[in-house]
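Here is the structure we will look at.
So that the names make sense, note that chain A is the first sequence line, chain B the second, and so on, each numbered from 1.
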Amino acid sequence: MHDLAFIRSHPGEFDAGLQRRGAEPAADRILALDARRREVTTRLQEAQSRRNEASKAIGQAMGKGDTETAESLKAEVAQIKQAMPALEEEDRALGAELHDLLAALPNIPAEDVPEGADENANVELSRWGTPRSFDFDPQEHADLGPPLGLDFETGTALSGARFTFLRGRMARLHRALGQFMLDHQTGENGYTECAPPLLVHEEALFGTGQLPKFAEDNFQTTDGRWLIPTAEVSLTNAVREQILEDAALPLRMTALTQCFRSEAGAAGRDTRGFIRQHQFEKVELVSVTRPEDSAAEHERMTQAAEGVLQALDLPYRKMLLCTGDMGFTAQRTYDLEVWLPGQGAYREISSCSNCGDFQARRMAARYRPDGEKKTRFVHTLNGSGLAVGRTLVAVLENYQQADGSVAVPEVLVPYMGGVTRLEPQP
RNA sequence: GGACAGGUGGCAGAGUGGUCGAAUGCAGCGGUCUUGAAAACCGCCGAUGCGCAAGCAUCCGUGGGUUCGAAUCCCACCCUGUCCGCCA
């Protein structure tokens, strides 16, 4: 959600930002609506003011027993009130129209975000690790996984496409990854472990920007709640409508949760394998900071996500997303892409975004700077640290052996009860 | 799910039709005193919108309604507490 005051004072800059994202300019429409709305609001408030004044006078007159004056004042108020219902309705309607218009506009990219239409314009910033050289043809996880307990058939039979059933050591490895990541983020990076609801109100999805524009990407329950598409929703909205103490910032929260996505717009993409599921696990990182601290926090958060890949010894590259590939709420986003030898490609495994005050405005999440009277909006950041399912894919493909078995990365062995290898079951 | 009780400022807690955005206490901020601190005393101290400002408007769980006027009366809903039932 954008700051109306900013749009009023910098309409050109605002439209330029939207245009960089490939969105239509909107300042003219917004400002015209805003002007009409304020005109109506002022007229309404003037009427209210006169009504309040007269009502007070009625109270005073009646206190003195001056019934005559009271009655004539009542007649005057009745006159004033005639115009009010229409003004109230117009004010409400214009306010709603303005709100809906603003709510549908994406965040403005930060200045150093490269311009571009799609992922081809993303900029590679760095690479870590050396892709392993194989003395055999590395398989894709969808081929090497099934004998190891990655059961796509049963998942599909139970729930349809994009659901998978994990068995035996495969299920254990999946759990081990989630536990390891959560321990890593709480132990190494100072995030507070959280276990939030997975079912949330509509307002929560509005706050983090999934609604109103992306309703079809999410699952709704029969009683009007929504399944979270990411723990970003639950963790970020934990500060909604709050005024935080300066000293409480930064807030760093993490959670290992299931995530649910209808993948409405992804027909035909990654239909094979474990990459794109309707239900998956993810360790999410959320930070709430002072405005001046969010840029540094963004770097810190991305390093926290990178730390997991490094601990697992998985080669990856770090991308700065271009304007056309960023999410709706992001000001600036780093993607981490892990090397998948079976696919021979780097694939997204983490996305770390600085949302600035965009979500904070939608949530009314504020803080009071030390010694100041006015509140300010916080900045919010979110990142994956990491997506568990895709990390499982990466481990399978990078640690596969010629005989179809998969070695367990060293840091996971304690989480596997000492098991060091996944063996194919006939 | 049933019965009862209740939702007021950061917290606690008054207020049941008029000058109440709201007593009081605690917390917080500023000051006096003090070598310093504590105590004591004095003052300030909710949010949002519009406005250069003065100020005006809105907000007492949410949404409607009654009234010249609603924190206060009426209706619906949401939430919390207690007891009962049920359940992991």
Side-chain angles (χ1 to χ4, degrees), chain A residues 1-9 30-103 195-207 221-226 234 237-249 251 258 288 357 359-378:
Chain A
M1 190 74 95
H2 292 288
D3 180 10
L4 252 180
F6 175 83
I7 303 173
R8 278 185 211 127
S9 52
I30 292 167
L31 293 180
L33 246 181
D34 178 45
R36 274 173 62 202
R37 203 271 168 115
R38 278 195 287 171
E39 203 256 310
V40 171
T41 302
T42 302
R43 274 163 53 204
L44 175 62
Q45 290 188 356
E46 278 166 1
Q48 287 170 331
S49 182
R50 281 187 288 136
R51 178 203 61 194
N52 291 347
E53 211 174 317
S55 288
K56 263 185 197 175
I58 292 170
Q60 282 163 355
M62 286 176 58
K64 280 185 271 181
D66 185 351
T67 328
E68 205 173 305
T69 307
E71 287 306 318
S72 88
L73 281 167
K74 279 189 191 181
E76 193 184 322
V77 175
Q79 195 71 21
I80 293 166
K81 280 181 65 178
Q82 274 184 353
M84 285 179 63
L87 283 173
E88 277 167 2
E89 171 53 26
E90 198 181 352
D91 187 54
R92 191 205 57 74
L94 287 171
E97 196 181 334
L98 190 55
H99 176 269
D100 291 350
L101 182 56
L102 287 171
L198 309 185
L199 246 40
V200 298
H201 284 141
E202 185 170 298
E203 299 87 78
L205 266 84
F206 179 84
T221 63
T222 50
D223 67 354
R225 281 176 247 268
W226 298 75
S234 305
N237 278 282
V239 298
R240 78 174 289 115
E241 286 173 37
Q242 287 192 32
I243 300 173
L244 299 162
E245 293 298 326
D246 191 280
L249 301 174
L251 234 49
Q258 298 286 348
V288 178
D357 64 6
Q359 292 178 324
R361 287 179 186 282
R362 296 170 84 95
M363 298 188 301
R366 293 155 293 168
Y367 80 109
R368 198 183 306 281
D370 255 344
E372 281 184 35
K373 193 171 152 51
K374 291 288 285 180
T375 58
R376 295 174 69 187
F377 289 107
V378 296

* Is there a donor-acceptor pair closer than 3.5 Å between any side-chain N or O of A:Thr375 and the backbone N or O of A:Tyr367? ->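 Checking the backbone N and O of A:Tyr367 against the side chain of A:Thr375, no donor-acceptor pair under 3.5 Å is found.
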* Backbone of A:Phe206 reached by a side-chain donor or acceptor of A:Arg362 within 3.5 Å -> yes
Just to be sure I understand the rule, does [X] reach a base, reach only the sugar-phosphate, or reach nothing, if contact means heavy atoms closer than 4.0 Å?
X: A:Thr42; answer: nothing
X: A:Leu73; answer: nothing
X: A:Arg8; answer: sugar-phosphate

[N] to [M] separation - [atom1] atoms, rounded to the nearest Å:
N: B:G61; M: B:A71; atom1: P; value: 10 Å
N: B:C73; M: B:C4; atom1: C1'; value: 22 Å
N: B:U62; M: B:U67; atom1: P; value: 23 Å
N: B:A27; M: B:C42; atom1: P; value: 15 Å
N: B:C84; M: B:C77; atom1: P; value: 26 Å
N: B:G51; M: B:G15; atom1: C1'; value: 33 Å
N: B:C20; M: B:A57; atom1: P; value: 15 Å
N: B:C56; M: B:G43; atom1: C1'; value: 27 Å

Atom pairs, protein N/O to nucleotides 58-61 of chain B N/O, distance under 3.5 Å:
| unit_1 | atom_1 | unit_2 | atom_2 | d |
| --- | --- | --- | --- | --- |
| B:U58 | OP1 | A:Arg51 | NH2 | 3.3 |

For [X], what residues pass the salt bridge (Lys or Arg N to Asp or Glu O under 4.0 Å) criterion, not counting sequence neighbours?
X: A:Arg361; value: A:Asp3, A:Asp357
X: A:Lys74; value: A:Glu71
X: A:Arg376; value: none
X: A:Glu39; value: A:Arg43

Which nucleotide, if any, forms a Watson-Crick or G-U wobble pair with [N], using both distances under 3.5 Å?
N: B:U58; result: B:A47
N: B:G69; result: none
N: B:G81; result: B:C4
N: B:G17; result: none

Between the protein and nucleotides 6-13 of chain B, which nitrogen or oxygen pairs come in under 3.5 angstrom?
none

* Asked: Hey, is CZ on A:Arg36 packed in by over 12 heavy atoms from elsewhere, all under 6.0 Å?
  -> no
* **Selection residues 47-81 of chain A - residue pairs positive for ring pair (Phe, Tyr, Trp, His ring centres under 6.0 Å), sequence neighbours left out** =>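 Every pair satisfying ring pair (Phe, Tyr, Trp, His ring centres under 6.0 Å) with a residue in residues 47-81 of chain A: there are none.
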* Structure fact -> Closest of B:C68, B:C56, B:C50 to the A:Ser49 side chain is B:C56
* To do: Just compare B:G69, B:A47, B:G51 and give me whichever is closest to any side-chain atom of A:Ser55.
  =>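 Out of B:G69, B:A47, B:G51, the nucleotide with an atom closest to A:Ser55's side chain is B:G69.
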* **side-chain contact (heavy atoms from CB on, under 4.5 Å) against A:Leu4, all qualifying residues, sequence neighbours excluded** => A:Arg8, A:Ile30, A:Asp34, A:Leu98, A:Leu102
* Could you list the residues that satisfy side-chain contact (heavy atoms from CB on, under 4.5 Å) with A:Ala54, not counting sequence neighbours? => A:Val77
* Which residues share a side-chain hydrogen bond (donor to acceptor under 3.5 Å, both in side chains) with A:Arg51, sequence neighbours left out -> none
* To do: For residues 79-103 of chain A, pull every pair meeting side chain to side chain donor-acceptor pair (under 3.5 Å), keeping only residues two or more places apart or in separate chains.
  => A:Arg37-A:Asp91, A:Thr41-A:Asp91, A:Glu89-A:Arg92
* Asked: Can you list, by residue number, the residues of residues 83-103 of chain A that have a non-hydrogen atom closer than 4.0 angstrom to RNA chain B?
  -> none
* Asked: Nearest-Å distance, CE (A:Met1) to C1' (B:U48)?
  -> 14 Å
